[in-house]
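Here is the structure we will look at, set down as structure tokens.
The structure displayed is predicted, hence computed values, not measured ones.
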Amino acid sequence: MIDITFKDGNVKQFEPGVTPEDVAGAIAPGLKKKTVAAFVDDDLYDLNRPIYSDATIDLITKDNEKAFEVLNHSTAHLMAQAVKRLYPDAQFGVGPAIKDGFYYDIATKHTIKNEDLGKIENMMKRIVKEQASMTREEISKEAALKRFKDDPYKQELINDLEDGETISIYSQGEFTDLCRGGHLGNTRHIKHFKLLSVAGAYWRGDSDREMLQRIYGTSWFTKEDLEAHLAVLEERKERDHRKLGKELKIFMLDQKAGQGLPIWLPNGYTVRRTLEDYVYKLERRHGYKHVSTPVLGTKSLYETSGHFEHYQDDMFPLMKSKEETFVLRPMSCPHHMIVYNSELRSYRDLPLRYAEIVTQHRFEASGGLSGLERVRAMTLTDSHIFARKDQIKEEVLNAYNLINQAISDLGLEIDYVELALRDDAKGKFHDDDQLWDEAEATLKQLLDEEGIEYVSAKGEAAFYGPKVDIQVRTAMDHVITMSTVQLDFLLPERFDLTYIGQDGEKHRPVVIHRGLISTWERLMSILLEQYKGAFPTWLAPVQMKVIPVSLDAHQAYAEELHETLMDLEFRSELDNRNEKLGYKIREAQRSKIPYQLVVGDEEVQSNTVTYRKYGHQEQVTVSKADFIDMIKQEIKDKA
RNA sequence: GCCGCUAUAGCUCCAACCGGUAGAGCAAUUCCAUGGUAAGGAAGAGGUUGCUGGUUCAAAUCCGGCUAGCGGCACCA
């Protein structure tokens, strides 16, 4: 007999060879049904993997996050088996569980089309009915290589495993796959799944290697969960900023205007301008000075900074005149270095915080462009803070606090903070180890001291220094870098920046790069999706629509009201078209205008307005003055 | 950039069977209706089917190239 110790400290005895499924069953039949896998001495065990010696066990039930992973991983295997039956030449790359589902990378001569997904699903259902047991075997490296001798992808994976590492393979029916494991034990447990899409994916994520076909799918324990997840995917389509941006006339893209070069329509530009004003004032309040520099610069400027060397492939082609070669600037750091150097600086001048609303161009890969999220022409508020070393801590913190304020004002939330560090990749980072060590240590220490939680990301630094990236999760469930604070000891060297210290000698300042709100383009895509197009009043392109009940009787009153609101710098519109009231209401609702103001006999007589707020059914009648105060307050609160 | 899919009126559209020369709703226009919280009625108009070659007596439809968009991958200062 062996001792099985449970999480709560209880110990029970079992025959050697007992499986997690048996153990769960011995406690309660209900538990057996709910159990999906188990951690046995911290190793993930399949439901049917035998245990031969004393161990601690932690049963994984369906409500556990890990269970979803196991289910989806098993479903990936099931799909691979189905694909192999339909397309016998198929060979397989990797097939992991991911957030919300799984994928498997497949090499086959057959081009898998969307129509094929249904066929594959049907085959999967047939295999489920076969109730094939998913069994584990541990074999030597040699045996594994022999077993997968016809499969170059598996060969490569096996060869990359450390010597001595356990190699396990899983079989279900005629299908065998190399796999670390954590499986359901039997295909019959897989019931509610759907294949979602086919896409290309490079083998091992390397763009120099061949491309495999990747099928994405999702698998759930209950029909309700599956349907709920599919509903979420549908709902996301409704939120898509490209759809909303077109409906609400925020922006457009046009083949003739150029790929990835968005055009801001009046509604979109109004929102953007409101954001620009907001940021400008916020930065001024925080001691930033604004400058304006050109979108073109000389190539040598970017050679000095090092950007040309690192990013020339992602820059628009050079422009050459007889005397000089120019670049369409991909970012603004070098210009701000020049601003710094325009005067002799004293230690008393520092810190100097320069900010600019910068339009920049990057020649992004055509396949990566997407709506406003990824474009080739973008505008953002960019800033460079020039500080003494003893001011780094305070300046980084100031920037961090400013970022927090902006993100919260915009109704967004920080998902997590990432500390991007260098790794030993050749040529990717400038090569002064001493500067790097100092910069990285400074940021680490600062985050630790301030109790700011972060995850480290090796190899994600900029070529000139480490970054603190502020990550935001969008309504579409994308994680994007919203803001960034970067510590740079390199550009001050490259541009020979100096200040005169207390000692009368020249010293090197430090540059802190600060990005606040990504770009206006990307921010707009995020806000559209976040608010589903229904902007809060302070941002809304049109804040209120004045609708007279009858043109004859109420137009004058409506016009006067509209003029009053416009005088107060509210973004009011007057709908004095000859249309039915219901029609105008419908249109105002569909344009997601925060306030519709209907005025008729009642309002004219009592000098009031009747408003209905977007998303609400109630009609509220208040005096003009009260309405104005209410809107003023709402805009002030950014509610 | 790579793999795959898609492209019809201002917008939306699994309208157009197997190739026979284009159809609806909404919007817009004109006229009638003058109205209290999500579409009042009528009429006329709107198209070189993304571009470009080819096959064919005949192409929105079949084939090639290009462009753009979409789903991913790679990239992202």
Side-chain angles (χ1 to χ4, degrees), chain A residues 103 105 107 111-116 196-216 237 240 242-243 246-247 249 252-260 302 305-315 329-334 360 362-371 373-375 378 382 420 428-429 460-465 467 480-481 484 486 488 491 513 515 518-519 522 547-555 578-591 596-603 610-612 616-619 621:
Chain A
Y103 67 77
D105 286 349
T111 300
I112 300 170
K113 309 240 165 128
N114 274 324
E115 303 90 86
D116 295 326
L196 298 171
S197 61
V198 215
Y202 293 110
W203 169 234
R204 313 211 88 179
D206 183 344
S207 57
D208 291 332
R209 307 199 63 177
E210 67 268 40
M211 186 158 264
L212 307 178
Q213 302 186 67
R214 172 174 295 181
I215 301 179
Y216 284 93
K237 281 189 204 158
D240 192 311
R242 291 165 298 196
K243 180 175 151 71
K246 186 181 261 185
E247 281 171 9
K249 299 182 188 172
M252 62 178 288
L253 289 160
D254 183 86
Q255 238 184 72
K256 276 206 191 80
Q259 191 180 21
Y302 286 83
S305 71
H307 285 91
F308 188 78
E309 182 199 340
H310 282 271
Y311 297 111
Q312 56 176 304
D313 289 345
D314 300 311
M315 288 163 67
R329 73 164 165 203
M331 27 62 61
S332 61
C333 326
Q360 58 193 32
R362 294 181 182 178
F363 198 65
E364 301 280 5
S366 60
L369 301 172
S370 174
E373 218 173 304
R374 197 79 183 272
V375 292
M378 64 213 85
D382 199 7
K428 209 174 154 191
F429 307 104
E460 298 296 315
F463 76 86
Y464 46 73
K467 313 187 283 180
I480 61 117
T481 301
T484 185
Q486 310 173 353
D488 181 358
L491 292 190
H513 304 244
S518 185
T519 63
R522 188 172 281 180
I547 304 173
V549 173
S550 155
L551 278 189
D552 287 344
H554 317 122
Q555 188 169 5
N578 194 1
E579 290 291 350
K580 300 274 273 192
L581 181 60
Y583 181 87
K584 294 186 189 180
I585 296 282
R586 177 182 152 81
E587 212 165 82
Q589 286 290 325
R590 298 209 332 167
S591 350
Q596 358 176 333
L597 310 178
V598 173
V599 293
D601 287 340
E602 219 179 285
E603 289 74 18
T610 297
Y611 70 81
R612 177 172 149 190
H616 294 76
Q617 288 298 322
E618 312 86 73
Q619 299 162 37
T621 304

message = Do A:His554 and A:Asp601 have side chains that approach each other closer than 4.5 Å (heavy atoms only, starting at C-beta)?
response = yes

ask   = Do the non-hydrogen side-chain atoms of A:Thr111 and A:Val198 ever get within less than 4.5 Å of each other?
value = no

message = Minimum heavy-atom separation for A:Ser370 and A:Arg242, please, with both atom names.
response =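 Looking at all heavy atoms of both residues, the shortest contact is OG-NH1, 3.5 Å.
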
Using atom [atom1] of each nucleotide, how far apart are [N] and [M] to the nearest Å?
N: B:rC62; M: B:rG47; atom1: P; result: 25 Å
N: B:rC63; M: B:rC18; atom1: P; result: 13 Å
N: B:rA42; M: B:rA38; atom1: P; result: 22 Å
N: B:rU21; M: B:rA60; atom1: P; result: 10 Å
N: B:rA43; M: B:rU37; atom1: P; result: 29 Å
N: B:rA59; M: B:rC26; atom1: P; result: 34 Å
N: B:rG23; M: B:rU49; atom1: C1'; result: 12 Å

ask   = Where along nucleotides 69-77 of chain B does protein come under 4.0 Å, by heavy atom, of base (B) or sugar-phosphate alone (S), with - for untouched nucleotides?
value = SSBBBBBBB

query = What one-letter contact string describes nucleotides 25-34 of chain B from 5' to 3', where B marks a base within less than 4.0 Å of any protein heavy atom, S marks contact via sugar-phosphate atoms alone, and - marks no contact?
reply = --SS----BB

What does [X] touch in the nucleic acid at a heavy-atom separation under 4.0 angstrom: a base, only the sugar-phosphate, or nothing?
X: A:Lys246; answer: sugar-phosphate
X: A:Gln312; answer: nothing
X: A:Asp601; answer: base
X: A:Thr111; answer: sugar-phosphate
X: A:Gly600; answer: base
X: A:Glu602; answer: base

inquiry  = I'd like to check the side-chain hydrogen bond (donor to acceptor under 3.5 Å, both in side chains) partners of A:Tyr202; sequence neighbours left out, ordered by chain and number.
reply    =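 side-chain hydrogen bond (donor to acceptor under 3.5 Å, both in side chains) check on A:Tyr202 returns nothing, list empty.
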
query = Hey, which of A:Tyr302, A:Phe463, A:Phe429 is the one that makes ring-ring contact (aromatic ring centres under 6.0 Å, His included) with A:His310?
reply = A:Phe463

remark   = Those residues at least two apart in sequence (or on a different chain) that pass side-chain contact (heavy atoms from CB on, under 4.5 Å) with A:Ser518 are A:Met482, A:Arg522

query = For A:Glu309, which residues count as a side-chain contact (heavy atoms from CB on, under 4.5 Å) partner, sequence neighbours excluded?
reply =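 By the side-chain contact (heavy atoms from CB on, under 4.5 Å) rule, A:Glu309 matches no residue at all.
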
inquiry  = By the rule that syn is within 90° of 0, classify the base conformation of B:rC18 as syn or anti.
reply    = syn

ask   = Where does RNA chain B form stems of at least three consecutive Watson-Crick or G-U wobble pairs, each pair having both distances below 3.5 Å?
value =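 Stems for RNA chain B, defined as runs of 3 or more consecutive pairs: B:1-7 with B:67-73, B:10-13 with B:23-26, B:29-32 with B:40-43, B:50-54 with B:62-66.
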
Any donor-acceptor pair under 3.5 Å from A:Gln213 side chain to A:Ile112 backbone =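 Between the backbone of A:Ile112 and the side chain of A:Gln213 there is a qualifying donor-acceptor contact (under 3.5 Å).
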
